[in-house]
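Heads up, the thing below is written out as structure tokens.
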Amino acid sequence: MLRYFTKSVLLMGFAVAICCGLYPLTLWVIGQTIFPSQANGSLVRGPDGKVVGSRLIAQPFTKDEYFQPRPSAVSYDASASGPSNLGSSNYALRARVAGILGPIVKYRGGAKAGQPVAPDIEAWFQQDQYQGNAHVVAQWADAHNSLAQAWVKADASHAAYVDEWTKAHPAEVAQWVKDNPDTPQPAATDLAVIFFDSFSKDHPGQFPAAVQHETDGKTVSVIEPVKEGTDIQSTFFDMWRQEHPDVALEEVPADMVMASGSGLDPNITLDNALFQLDRVAAQWAKDMNRDPGQVRREIQTVLEQRATAPFGGLAGAKMVNVLELNLALRARYGAPAA
């Protein structure tokens, strides 16, 4: 009996030594000697030598000098990777796609071929008419309650703006509470729809958005009624499109508007990058006071040098790593203007 027990203990010890010691150690040595970058997360360092990200994980870029990655259903949070799981019939998906298209899509033909539709969205919005009825903002909020609530939750300043509105409109809030007795103390999100209904009547052809003001040498963001801007272009592109269904628009690369399965895809297609090229080149040219055409050609060369396709180009579309591309622009042109 003791003999069998001793053999079992020795076998277990041998297995533990192999599986929990030698095998992991062997993989660690191979990784650190042959594949050190991959083994340590494929980290990328900036000009100052500090880690700025991983070439395997997407991150957002907001400045116009930089190329932007694919949309992310998880806000680029690597600890919560995953898709939105929204179906094609879900209006939240339609609204997200429309929100991206509004500021960037262009006319495909006609007298305005190649021009952005954004100014026409703003002009249509300012008329404050949708399908023959007034108050576009109110119609938007009434038709899509979840989007109105999402606007309130998107930023603390939005909720604060609604809270200020409730103080100035006690009768409307009281009526809402009367109609919804189960919510005697409504939060800002609960009042989103009636807020937009009221706002639309008080400010026809306008939408609440952040406006920058200089105060005591500091830039302060304040929510105010506006008649133009990316918020209007994004939010109301879908309604504008429904009233202009026959207008021919340029096609946009799919990965500009659709998130990846993980929400963290670090690459974009070369077509996507070329679609963004005019914006990126124009902003760098403005920062450096240089000819936009020359800067565009330089950046396009960088794109073509960094674009790769799977299996040495034998399969798939050409892709560009967004983080590495933006770092290459930073190394070439310096830091973007503040």
task = Ignoring hydrogens and angles, tell me if any N or O in the side chain of Ser200 forms a donor-acceptor pair with the backbone of Asp197 under 3.5 Å.
result = no
Arg306 side, atom CZ; Asn267 side, atom CG - distance, nearest 0.5 Å = 12.0 Å
note = Closest non-hydrogen atoms of Arg241 and Val247, given as atom of the first, atom of the second and distance, are NH1-O, 2.6 Å
task = Would you mind reporting whether Pro266 and Gln59 have side-chain heavy atoms less than 4.5 Å apart?
result = no
key: Over all atoms of both residues, closest heavy-atom pair of Ala80 and Val74   = O-CG1, 2.7 Å
request  = Answer yes or no: is there a donor N or O on one side and an acceptor on the other, between the side chain of Gln139 and the main chain of Asn133, under 3.5 Å?
outcome  = yes
query = What are the two closest heavy atoms between Ser81 and Leu264, and how far apart are they?
reply = CB-CD1, 3.4 Å
Side-chain heavy atoms of Arg296 within contact of Leu277, under 4.5 Å = yes
query = Is it true that atom OH of Tyr91 has more than 12 heavy atoms of other residues, nucleotides or ligands lying nearer than 6.0 Å?
reply = yes
query = With a 4.5 Å limit on heavy-atom distance, are the side chains of Val211 and Ile223 in contact?
reply = no
request  = First locate atom CG of Asp291, then atom CD of Glu298, and finally report the distance between them rounded to the nearest 0.5 Å.
outcome  = 9.5 Å
task = Could you go through the side-chain contact (heavy atoms from CB on, under 4.5 Å) check for Val222 and His213 one step at a time?
result = CA-CA 7 Å; Val222 181; His213 292 286; 4.1 Å; yes
inquiry  = If you compare all heavy atoms of Val193 against all heavy atoms of Ala141, which two are closest, and at what distance to 0.1 Å?
reply    = CG2-O, 3.9 Å
query = Would you say Leu325 and Leu274 are hydrophobically clustered, going by side-chain heavy atoms of ILVMFWY under 4.5 Å?
reply = yes
inquiry  = If we ignore hydrogens and angles and just use 3.5 Å, is the side chain of Asp238 paired with the main-chain N or O of Ala98 as donor and acceptor?
reply    = no
ask   = Taking the six-membered ring for Trp, is the centroid-to-centroid distance between Tyr130 and Phe236 below 6.0 Å?
value = no
task = State yes or no: are the ring centers of Trp151 and Phe196 separated by less than 6.0 Å?
result = yes
query = Salt bridge between Glu122 and Lys227, side-chain N to carboxylate O under 4.0 Å?
reply = no
key: Tyr107 side chain near Pro116 side chain, heavy-atom distance below 4.5 Å   = no
ask   = Would a hydrophobic clustering, with Ile, Leu, Val, Met, Phe, Trp and Tyr connected at side-chain separations under 4.5 Å, put Phe61 with Leu303?
value = yes
inquiry  = Under the side chain to side chain contact (heavy atoms under 4.5 Å, CB included) test against Phe67, which residue among Ile299, Leu323, Val320, Asn321 passes?
reply    = Ile299
message = Taking atom CD as the centre, does Gln131 end up with more than 12 heavy-atom neighbours from other residues, nucleotides or ligands that are less than 6.0 angstrom away?
response = yes
key: His203 side, atom NE2; Ser198 side, atom OG - distance, nearest 0.5 Å   = 8.0 Å
ask   = Nearest 0.5 Å, what's the CD-NE2 distance between Gln149 and His158?
value = 15.0 Å
message = Which label fits His169 and Trp165: parallel for a plane angle under 30°, tilted from 30 to 60°, or perpendicular past 60°?
response = parallel
request  = Please name all residues satisfying side-chain contact (heavy atoms from CB on, under 4.5 Å) with Thr183, sequence neighbours left out, ordered by chain then number.
outcome  = Trp176, Pro186, Asp190
query = For Val136 and Trp124, what are the C-alpha separation, side-chain angles and deciding distance, and is it a side-chain contact (heavy atoms from CB on, under 4.5 Å)?
reply = CA-CA 10 Å; Val136 171; Trp124 166 85; 4.1 Å; yes
task = Is it possible for you to say whether Leu249 and Val252 belong to one hydrophobic cluster, with membership spreading through side-chain heavy-atom contacts below 4.5 Å?
result = yes
ask   = Is the side chain of Arg96 donor-acceptor paired with the backbone N or O of Gly99 at a distance under 3.5 Å, no angle test?
value = no
note = Closest non-hydrogen atoms of Pro292 and Ala285, given as atom of the first, atom of the second and distance, are CA-CB, 3.6 Å
ask   = Is the Phe125-Trp240 ring centre distance short of 6.0 angstrom?
value = no
query = Between Arg279 (side chain) and Tyr66 (backbone), is there a donor-acceptor pair under 3.5 Å?
reply = yes
key: Gln206 side, atom CD; Glu228 side, atom CD - distance, nearest 0.5 Å   = 10.5 Å
request  = Following the transitive rule for hydrophobic clusters with a side-chain heavy-atom cut-off under 4.5 Å over Ile, Leu, Val, Met, Phe, Trp and Tyr, establish whether Ile100 and Val322 coincide in one cluster.
outcome  = no
message = What I'd like to find out is whether the side chain of Leu147 reaches to under 4.5 Å of the side chain of Trp140, using heavy atoms alone.
response = yes
ask   = Can you name the one residue among Lys63, Gln276, Met256 that meets side chain to side chain contact (heavy atoms under 4.5 Å, CB included) with Gln68?
value = Gln276
query = Hey, what do you get for OG (Ser234) to CZ (Phe207), rounding to the nearest 0.5 Å?
reply = 10.0 Å
inquiry  = Grouping I, L, V, M, F, W and Y whenever their side-chain heavy atoms are under 4.5 Å apart, do Leu327 and Leu329 come out in a common cluster?
reply    = yes
query = Is Ile104 close to Gln233 at the side-chain level, that is, under 4.5 Å between some pair of heavy atoms?
reply = no
message = Using side-chain contact (heavy atoms from CB on, under 4.5 Å), reason through His135 and Asp128 one step at a time and then give a plain yes or no.
response = CA-CA 5 Å; His135 306 309; Asp128 202 30; 3.6 Å; yes
inquiry  = For a side chain to side chain donor-acceptor pair (under 3.5 Å) check, start with the C-alpha distance between Asp271 and Thr269, then their side-chain angles and the critical distance, and finish with the verdict.
reply    = CA-CA 5 Å; Asp271 289 342; Thr269 62; 5.3 Å; no
query = Of the non-hydrogen atoms in Ala92 and Leu86, which two are nearest, and what is the gap between them?
reply = CB-CD1, 4.0 Å
key: side-chain contact (heavy atoms from CB on, under 4.5 Å) between Asp287 and Trp284, worked out   = CA-CA 5 Å; Asp287 291 351; Trp284 278 115; 4.3 Å; yes
task = Check whether the side chains of Ser75 and Asp77 place a donor and an acceptor atom closer than 3.5 Å, and report yes or no.
result = no
Side chains of Phe199 and Pro225 in contact at under 4.5 Å (non-hydrogen atoms) = yes
ask   = Is there a side-chain contact between Ser260 and Arg70, using heavy atoms and a 4.5 Å cut-off?
value = yes
